[in-house]
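Report on one structure; see the data block that follows.
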Number of protein chains: 2
Amino acid sequence: METLERKQRSREQTRVGIVLTAKDIARREGWQAVSIRKIADAIEYSAPIVYEYFDSKDILLDEIRNEGFRHLKQEYERIKKVYRDPEKRLFEMSIAQWQFAVEQPEIYQVMYNLNGAYCTIPVCNSVAVEDLSNTIREIIFSFIPKSKESIQKLYFEWWSLSHGMITLAMMLREQQPLELSEQVYRDSIRRFVRGLR
Amino acid sequence: METLERKQRSREQTRVGIVLTAKDIARREGWQAVSIRKIADAIEYSAPIVYEYFDSKDILLDEIRNEGFRHLKQEYERIKKVYRDPEKRLFEMSIAQWQFAVEQPEIYQVMYNLNGAYCTIPVCNSVAVEDLSNTIREIIFSFIPKSKESIQKLYFEWWSLSHGMITLAMMLREQQPLELSEQVYRDSIRRFVRGLR
DNA sequence: TACATCAAGTTAACAGTGTTAAATTGGCGT
DNA sequence: ACGCCAATTTAACACTGTTAACTTGATGTA
């Protein structure tokens, strides 16, 4: 029975298989097309097996969502190590957010319940989001060490600007080339960051 | 058979009944809960009858969505009549958009495929959106009569700012009171408008 | 009045969804 | 050889969008 550890490893493997498959279907056919049975087929199991790893589809989506937020957080930490200037840091983190949304649109969609992705679990109470928020707020604080409320306001502004441009750029990608949108994004973020000092 | 006109009127009535019911369910239970059968029950018909008015659920959602854009356009026209100053016009239109999103969140959701509302028909090709866009672009043009590309960039900026703040304010309404968000929104829009002259 | 036609509306069905209970299967220890 | 137990599957429920087939009742005509 020394295979217990081995068993746990294979359990973990099918678990990540479920997550991988869900993201794969979402990427190719959109979140609306992601169903438990389709995932089960792909990992060559029957549907109820999926429920041994995730109590509901909602929880599976929540997991993928938080994975996304954690990935972004990691990127932020990497950037923090590379740059010391707060202006540069915030700018690069904004660019990282853009790239993330462009490279993995299906993850960005489930993070914000966009385009058919729908997870009823509230986004904002998660530690992953709180973690991410704190990182940005700290950087803004290093610009202007004001009150918590002022920082929150500025963070809200930054988040809105970034998220708004990303979602609209996605929406308008047929009408307005992504490269143009990115250029406007960079300029706007630069302006915002300059405006902070 | 002079009842033909009468018949057309009742047809129109059940049609708006369908739209009204869909919006009502969406408002109370969210778009995810809106189903053809539930709508049919509410208007006291069987499900296939709904298909005599809308070829698909997608088309019904698209109709509601465009209704929303047209409503907003009407608001813009009203504002254009009241104010002559371009700055004031753009500011008031931004406020109108905020109010619309707050008062009829379910409509705003279906307009942007938010929170479980999902309509596969592309938003941006519709005349309703093009109409709305032109209104704003014209106002921006009256600020700075630059090239079409510059205007488009500024319009994209304005739209992103407005849409981003609205969606995030909705998302954060438990953590951050709507009144605070609205205050930040007003300030940001004011700054944007001032920045145009 | 009897019959045919026709529109309005309904029922029934198909293929799919999330989810759960019940049944099955195969390998292990006794 | 038998019984148990875990792993897995089948079957079911209540839904979904959508469509074909059917019923029903009223109308016009012979």
Side-chain angles (χ1 to χ4, degrees), chain A residues 1-15 17-19 21-22 25-26 28-65 110 113 115-121, chain B residues 1-15 17-19 21-26 28-65 110 113 115-121:
Chain A
M1 273 309 101
E2 81 285 35
T3 57
L4 198 144
E5 175 195 336
R6 176 110 187 80
K7 190 183 291 181
Q8 278 192 345
R9 199 163 43 188
S10 100
R11 240 193 95 82
E12 193 50 38
Q13 262 180 15
T14 79
R15 197 190 145 91
I18 291 171
V19 171
T21 305
I25 299 171
R28 284 212 277 256
E29 309 171 54
W31 282 104
Q32 191 125 85
V34 175
S35 81
I36 300 292
R37 279 178 179 84
K38 228 182 276 184
I39 294 171
D41 278 2
I43 62 168
E44 291 179 300
Y45 273 116
S46 61
I49 290 296
V50 177
Y51 286 89
E52 304 219 330
Y53 296 87
F54 299 95
D55 283 348
S56 70
K57 190 182 177 182
D58 241 38
I59 288 172
L60 169 58
L61 296 192
D62 192 49
E63 167 83 25
I64 295 173
R65 177 151 78 185
V110 80
N113 273 354
N115 283 112
Y118 186 50
C119 173
T120 63
I121 300 167
Chain B
M1 277 308 100
E2 80 287 34
T3 56
L4 198 142
E5 175 194 337
R6 177 107 187 83
K7 189 183 294 183
Q8 278 192 343
R9 197 163 44 189
S10 100
R11 239 194 95 81
E12 193 51 37
Q13 262 179 14
T14 79
R15 197 189 144 90
I18 291 171
V19 172
T21 305
K23 293 197 279 190
D24 195 52
I25 299 171
R28 284 212 278 255
E29 310 171 53
W31 282 105
Q32 192 126 82
V34 176
S35 80
I36 300 292
R37 280 178 179 85
K38 226 181 275 185
I39 294 171
D41 279 1
I43 62 169
E44 291 179 302
Y45 273 117
S46 60
I49 291 296
V50 178
Y51 287 89
E52 304 218 330
Y53 296 87
F54 298 95
D55 283 346
S56 69
K57 191 184 178 183
D58 241 39
I59 289 173
L60 169 58
L61 296 192
D62 191 50
E63 167 84 27
I64 295 173
R65 183 161 60 195
V110 81
N113 274 354
N115 284 111
Y118 186 51
C119 173
T120 63
I121 299 166

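So that the names make sense, note that chain A is the first sequence line, chain B the second, and so on, each numbered from 1. All values below were derived from every heavy atom in this structure, side-chain atoms included, with hydrogens, water molecules and symmetry-related copies excluded. Nothing here was measured: the structure is a model prediction, and the numbers come from that model.
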Can you identify which nucleotide, out of [options], has its nearest atom closest to the [X] side chain?
| X | options | value |
| --- | --- | --- |
| B/A47 | D/dT10, D/dT18, C/dT19 | D/dT18 |
| B/S35 | C/dT11, D/dG17, C/dG18 | D/dG17 |
| A/R37 | C/dT11, D/dT8, D/dA12 | D/dA12 |

Base, sugar-phosphate, or nothing: which does [X] touch, judged by heavy atoms less than 4.0 Å apart?
| X | result |
| --- | --- |
| A/V34 | sugar-phosphate |
| A/E52 | base |
| B/Y51 | base |

Between [X] ([atom1]) and [N] ([atom2]), how many Å, whole number?
| X | N | atom1 | atom2 | result |
| --- | --- | --- | --- | --- |
| B/I49 | C/dT10 | CD1 | C1' | 8 Å |
| B/Y45 | C/dT11 | OH | P | 14 Å |
| B/I36 | C/dA13 | CD1 | P | 21 Å |
| B/K57 | C/dG16 | NZ | P | 18 Å |
| B/Y53 | D/dT18 | OH | C1' | 18 Å |
| A/D55 | C/dG18 | CG | P | 15 Å |
| A/E29 | C/dG16 | CD | P | 12 Å |
| B/E44 | C/dG9 | CD | P | 13 Å |

* Examine distances only and state if a side-chain atom of B/K57 and a backbone atom of B/I36 form a donor-acceptor pair shorter than 3.5 Å. =>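 Such a contact is absent between B/K57 side chain and B/I36 backbone.
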* Ignoring hydrogens and angles, tell me if any N or O in the side chain of A/T14 forms a donor-acceptor pair with the backbone of A/G17 under 3.5 Å. =>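 The answer is no, because no donor-acceptor pair under 3.5 Å joins these two groups.
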* Asked: Should B/R37 and B/V50 count as side-chain neighbours, where that means a heavy-atom distance under 4.5 Å?
  ->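 Result no, sub-4.5 Å side-chain heavy-atom pair not found.
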* **Sub-4.5 Å side-chain heavy-atom contact between B/F54 and B/R15** => yes
* **Residues A/K38 and A/D41 bridged, charged N to O under 4.0 Å** => no
